[in-house]
Structure formats: structure tokens, C-alpha cells
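One structure below.
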Amino acid sequence: MSRHLSGFRAWMWQRASAVYLAGFFIYVLAYLIAAPPVDHQALKGWVGNPGMWLATALFFLFLLLHAWIGVRDVILDYIKPAGLRLGMLAAVFVFVLICGLWVLSILMGVL
Amino acid sequence: MPGEPRPVFLNLLQIRLPVAGVMSIAHRAAGVLLFLALPFAIALLALALSDQEGFAQVQVLSQQPLMQGGLLLLLWALAHHFLAGIRYLLIDIHLGVQAPWYRQTAWAVLAAAPVLALLLLWGLS
């Protein structure tokens with residue numbers, strides 16, 4: 001792979017995703033405080049709205065990217081033995097992947 | 001590099017970390033905690049979106065003391081990670097780098113995060 005997500009590229013993605021995540025969190029928390037969905041139908045209507053659906057899908061994509069870069073940095077900083085480090089990185093990668101597929105299946109169900 | 005090895009002093013109980021360091025470590029810890037909480041958050045979202053019964057279950061669950069405690073902890077982690085993250089973004093564009101600003105903003109983040117978390121918990125319930 002020629003385009004590793006490391007160095008400056010990872011640093012930049014970490015910040016770009018952070019800005020999106022911050023904006024999405026502000027919107028969702030403000031919405032949930034001001035006008036929380038009263039029932040299942042209302043929640044489904046909110047998340048299923050095309051604009052919100054896309055924003056939510058993008059949110060989880062950026063969230064998992066942000067989490068991967070962040071946790072990867074933490075592991076690289078504190079875990080020195082090569083085998084343990086590789087094992088933990090692999091576990092986190094699988095964890096992120098499963099979360100992503102899970103969210104995808106949930107979002108597809110709302111459509 | 002030739003010469004004597006650098007002195008290394010890593011006794012965590014004796015190092016007196018400056019406040020920006022405490023805030024920074026907390027930013028990391030909060031990030032890892034939020035990462036580990038992801039499956040629980042996704043599970044709640046899945047349940048709430050499944051059907052009306054699931055939605056009602058999430059409503060009942062979220063009122064239980066244990067869930068409220070967990071939610072407060074996660075909201076604190078989120079608030080800290082959010083505020084510290086904004087501080088880092090500002091430092092990236094060279095805002096708040098100089099003394100005493102970097103120290104004062106670190107204190108502000110540490111103090112404001114639990115307040116914001118309590119406000120959010122109160123607003124959400």
C-alpha cells in the first residue's frame with residue numbers, strides 16, 4: 001500500500017474529522033435536548049431523512065477513522081514489544097471494522 | 001549518537017505534571033474510554049431504531065441509576081475530549097500557545113468539562 005494513513009496524512013485527517021465530529025455532536029445534542037423524538041416512528045423519521053442519514057453515515061465514518069488514528073497513536077506510544085503491539089493494533093482494527101459494519105447494517109435498515 | 005545515555009526519570013508517582021500535561025493525558029484517557037464505549041452506544045442506537053418496543057426499552061434503560069452514572073461518565077469524557085480538542089485545534093493555528101494562555105486554557109478545559117457534562121445530562125433527561 002502506497003498511501004499509508006500515517007505521519008502528516010493521519011495528523012491532518014485526525015483534525016479534519018474532529019471538526020466534523022464536533023459540529024455533528026453540537027447539532028445532535030442540541031436537537032435531542034430541544035426536541036427529542038417522542039417515539040420510534042419519530043426517531044426513524046429523523047435518522048431516515050436523506051440529509052440526516054447521509055450526515056449520520058459520514059459521522060460514523062469519520063468517528064471510526066478518528067478513533068482508529070487516535071487509539072493507534074496511543075498504542076504506538078505506550079506498547080513497545082513488537083508482538084503485543086501488532087496484536088493490539090490488529091484487535092483495534094477488527095473492532096473498528098465490526099463497529100463500522102454494524103452501523104452500516106443499522107443505517108441500511110432505516111432506509 | 002555517541003556519549004553518555006540520557007538520564008531517564010519516569011517515576012509516575014514523583015513526576016509533577018504541569019496542568020496542560022494533566023489535561024492532555026485526560027484527553028487521551030477520555031478518547032480511549034469513548035472508543036471502548038462505542039459498542040454500547042451502537043447497541044442502544046440499534047435497539048431504539050428496531051421497533052417501538054425497543055425504543056421504549058431504551059427510554060426505560062436510560063432512566064436507571066447505573067445507566068445515568070455511566071452516561072454521566074461518558075458525557076464527561078466527551079465534554080473533556082471535545083473542549084481539549086478545540087483547544088488543540090486553536091493551538092494548531094497558533095492561538096493560545098503563549099504563557100499564560102496555554103496554562104489558563106488547560107485549567108478552563110479541566111474545570112468546564114464536568115460542568116458541561118452535568119448540563120448535558122440534565123438537558124437530555
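Quick note on labels: first sequence line is chain A, next is B, and so on, each numbered from 1. What you are looking at is a predicted structure, and each value in this text was computed from that prediction instead of being measured.
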Exercise. Counting a contact as any heavy-atom pair under 4.5 Å apart, which residues of residues 56-75 of chain B contact chain A?
Worked result: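 Checking residues 56-75 of chain B against chain A gives Q59(B).
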Tell me the residues of [range] whose non-hydrogen atoms fall below 4.5 Å from those of chain B, in number order.
range                       : answer
residues 77-89 of chain A   : D77(A), Y78(A)
residues 104-111 of chain A : I106(A), V110(A)
residues 31-38 of chain A   : L32(A), I33(A), P37(A), V38(A)

For this session: Could you tell me which of G85(B), S125(B), G54(B), A43(B) has the largest number of non-hydrogen atom pairs under 4.5 Å with chain A?
Result: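 So the answer, after comparing G85(B), S125(B), G54(B), A43(B), is A43(B).
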For this session: Heavy atoms only, distances under 4.5 angstrom: which of L124(B), L34(B), L49(B) has the most pairs with chain A? Name it, please.
Result: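 Counting heavy-atom pairs under 4.5 Å, the top option is L49(B).
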Do any N or O atoms from the side chain of [X] and from the backbone of [Y] form a donor-acceptor pair under 3.5 angstrom?
X      : Y       : answer
S24(B) : A20(B)  : no
H80(B) : M23(B)  : yes
R87(B) : Y102(B) : yes

At a 4.5 Å cut-off on heavy atoms, which part of [X] comes close to chain A: side chain, backbone, both, or neither?
X      : value
F35(B) : both
L89(B) : side chain
S50(B) : backbone
L78(B) : side chain

May I ask whether [X] and [Y] are part of the same hydrophobic cluster, defined by side-chain heavy atoms of I, L, V, M, F, W, Y residues being less than 4.5 angstrom apart, directly or through others?
X       : Y       : result
V109(B) : L119(B) : no
L36(B)  : F93(A)  : yes
I75(A)  : V32(B)  : yes
V115(B) : L121(B) : no
L58(A)  : V96(A)  : yes

Answer yes or no: is there a side-chain heavy-atom contact under 4.5 Å between [X] and [Y]?
X      : Y      : value
C99(A) : F60(A) : no
W46(A) : V28(A) : yes
F82(B) : L21(A) : no
D73(A) : R28(B) : yes
D92(B) : W11(A) : yes

Give, for atom [atom1] of [X] and atom [atom2] of [Y], the distance between the pair rounded to the nearest 0.5 Å.
X       : Y      : atom1 : atom2 : answer
Q52(B)  : L43(A) : CD    : CG    : 10.0 Å
L29(A)  : F24(A) : CG    : CZ    : 9.5 Å
L65(A)  : L61(A) : CG    : CG    : 7.0 Å
I42(B)  : L47(B) : CD1   : CG    : 13.5 Å
T105(B) : L95(B) : OG1   : CG    : 10.5 Å
L120(B) : F25(A) : CG    : CZ    : 10.5 Å

Contacting moiety of [X], where chain B heavy atoms sit under 4.5 Å:
X      : answer
W68(A) : neither
L64(A) : side chain
I26(A) : side chain

Exercise. Looking only at heavy atoms, which two atoms of R72(A) and A10(A) are closest? And how far apart?
Worked result: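 Closest approach of R72(A) to A10(A), heavy atoms only: NH2-CB, 3.9 Å.
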Problem set entry | Closest approach of S17(A) to H66(A) (non-hydrogen atoms, all atoms of both residues) |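 For S17(A) and H66(A), the tightest heavy-atom pair comes out as OG-ND1, 3.1 Å.
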Exercise. If you count heavy-atom pairs under 4.5 Å with chain B, which of L63(A), V103(A), V71(A) comes out on top?
Worked result: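 Of the options given, most contacts go to V71(A).
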